[in-house]
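Notes follow the structure.
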Amino acid sequence: MSGRESGRTSPLPLVLAGAAFALAAYTLYERVSWRPYGKAEPRSVEARGDLADFEKTSVGVFESVSPAVVHIASPERVTGRDVWGRIYGYPAGTGTGFVWDDNGYIVTNWHVVKERPAVLVRFADGREHEAVVIGRAPDQDIAVVKLVSLPPGLRPIPKVGGSSDLKVGQAVFAIGNPFGYDQSLTTGIISALNRTIRGEQGEEIDGCIQVDAAINPGNSGGPLLDSAGRLIGMNTAIYSPSGASAGIGFAIPVDAINQAVPRLIDPNKRAPTLGIRAQPSQDGVVVSSVVRGSGAEEAGLVGQLTLSRGLGDIIIAVDGKPVRSVDDIGRILSARKVGDTVTVQVIRGLPYDEHRVDVPVTLR
């Protein structure tokens, strides 16, 4: 053999190695792909057992209260187009409410109904009924609507609680119609108490409950409940840069609702007023302005907006009872009637010649 022939490498080992690899791959493929199938049946279902206590609470609250929660929509419709260019209509306004009593009165937020004379009310079973707006309290963001006809099986909210003894950290439950999704339950805790929020007209609403339960557009007017299923507030606003829930929601306390609703239903029970617009201050309540023709105007109370300098009168007491907020005035006047005269103690002349004055004001 020549040197060139003796240096040539035989391809036989490479061929044998390739054949062995192909045989191994084929054998594995046969075992995996062509074996008979097993029984293709659903897995057996294992019984869950009893619900946890906190789950029983959530379920119980929802089942007892949800029949009283309604979807409120404006009868006026707005025309829009979907992404395919098709024209469709939807309610001009929407929100939530809850049945107050057997007479067909329903409580909601003022900003849900605003100045509309009538709304449509849809119940959990899908029935729709017309209702008229019979009472508005924009400064508290509370409104009452009355069903034109009473549906069979009307179920008012079962239990009304109080808001003066609420604790930060206790569980809360909200039922409403976020983004139009009826009968939605969210849960959370009370994050803070006695918050002051600003309503749609710029008015300050004191004493609000702050919660972290998810509250979104459409939840407005829905009930806020405690773990006993008692009404403790009405969901009214969220703090959100994006317009969706950011874990900071606010509810009007039930004590304010329980005082306002009877007066909105029956004009003879309307609370008398001093006739002022006011805001809290460090010392009491500052009179921002005086309503024309009111008892406050006749009595000579001075509003800040009428002065070229200095502050308006600061109310520190009514009939000897200390005043620290606008709600304090409301609570004191709730025991009076139109035509009564109360003694309003004010600090006047700030910041130049401060002095205290007792001003008799006839309520209207």
Side-chain angles (χ1 to χ4, degrees), residues 109-111 113-115 133 135-143 194-208 236-237 250 252-253 255-257 259-260 263-264 267 269-364:
N109 283 137
W110 170 83
H111 78 259
V113 300
K114 295 189 177 178
E115 300 306 319
V133 183
R136 298 175 174 86
D139 57 331
Q140 296 177 285
D141 203 9
I142 300 173
N194 296 317
R195 294 299 199 200
T196 298
I197 65 173
R198 194 170 294 278
E200 284 200 2
Q201 292 186 317
E203 72 282 1
E204 290 186 338
I205 305 174
D206 296 325
C208 290
T236 189
F250 300 97
I252 298 170
D255 289 352
I257 297 168
Q259 289 181 6
R263 294 168 181 160
L264 295 177
K269 295 182 179 179
R270 297 283 168 87
T273 65
L274 296 175
I276 61 170
R277 295 184 179 89
Q279 56 188 1
S281 72
Q282 183 175 357
D283 300 306
V285 173
V286 177
V287 179
S288 300
S289 61
V290 176
V291 178
R292 184 172 299 177
S294 66
E297 184 185 52
E298 283 191 356
L301 286 180
V302 179
Q304 182 175 357
L305 300 182
T306 65
L307 298 177
S308 59
R309 62 178 187 172
L311 298 175
D313 287 338
I314 299 178
I315 299 175
I316 57 174
V318 175
D319 279 349
K321 297 179 180 179
V323 167
R324 291 290 180 268
S325 69
V326 176
D327 280 348
D328 287 342
I329 297 176
R331 281 189 285 270
I332 296 169
L333 299 186
S334 66
R336 308 294 191 271
K337 62 181 184 297
V338 173
D340 287 350
T341 298
V342 296
T343 300
V344 179
Q345 187 175 35
V346 303
I347 300 176
R348 180 169 289 175
L350 288 174
Y352 305 105
D353 54 347
E354 174 188 342
H355 57 285
R356 300 192 176 198
V357 181
D358 289 337
V359 181
V361 178
T362 302
L363 303 178
R364 296 183 177 175

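Side chains included, hydrogens not; waters and symmetry mates left out as well; all remaining heavy atoms used. The first residue of the sequence shown is numbered 1, and numbering continues consecutively from there.
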For this session: Please tell me if the side chains of Ile316 and Val323 come closer than 4.5 Å, counting only heavy atoms from C-beta onward.
Result: no
For this session: Could you tell me which non-hydrogen atom of Leu301 sits nearest to which non-hydrogen atom of Val290, and how far apart they are?
Result: O-CG2, 3.4 Å
For this session: For the residue pair Ile252 and Asn109, establish whether any side-chain heavy-atom pair is separated by less than 4.5 Å.
Result: yes
Exercise. Of the non-hydrogen atoms in Gln259 and Arg263, which two are nearest, and what is the gap between them?
Worked result: O-CD, 3.5 Å
Problem set entry | Shortest non-hydrogen contact from Val113 toward Ala143 | CG2-CB, 3.7 Å
For this session: Verify whether one side chain among Asp141 and Thr236 offers a donor that lies under 3.5 Å from an acceptor in the other.
Result: yes
For this session: Starting at CD1 of Ile142, measure out to CG of Leu264 and round the result to the nearest 0.5 Å.
Result: 7.0 Å
Exercise. Any side-chain heavy-atom pair from Asp328 and Val285 closer than 4.5 angstrom?
Worked result: no
Exercise. With a 4.5 Å limit on heavy-atom distance, are the side chains of Ile315 and Val287 in contact?
Worked result: yes
Problem set entry | Non-hydrogen atoms of Ser294 and Gly275 that approach each other most closely | OG-O, 3.2 Å
For this session: May I ask you to test the Arg277-Val291 pair for a side-chain heavy-atom distance under 4.5 Å?
Result: yes
For this session: Could you tell me which non-hydrogen atom of Ala137 sits nearest to which non-hydrogen atom of Trp110, and how far apart they are?
Result: O-CB, 4.4 Å
Problem set entry | Nearest heavy atoms of Ala237 and Ile197, plus distance in Å | CB-CD1, 4.1 Å
Contacts under 3.5 angstrom, residues 356-364 side chains, donor-acceptor by atom type, not counting sequence neighbours:
residue	atom	partner	partner atom	Å
Thr362	OG1	Thr341	OG1	3.3
Arg364	NH1	Gly293	O	2.5
Arg364	NH2	Glu298	OE1	3.0
Arg364	NH2	Glu298	OE2	2.6

Problem set entry | Side-chain donor or acceptor of Asn194 paired with backbone N/O of Gly207 under 3.5 Å | no
Exercise. Just wondering, more than 12 heavy atoms not from Arg336 lying within 6.0 Å of its CZ?
Worked result: yes
Exercise. Are the side chain of Arg136 and the backbone of Lys114 linked by a donor-acceptor contact shorter than 3.5 Å?
Worked result: yes
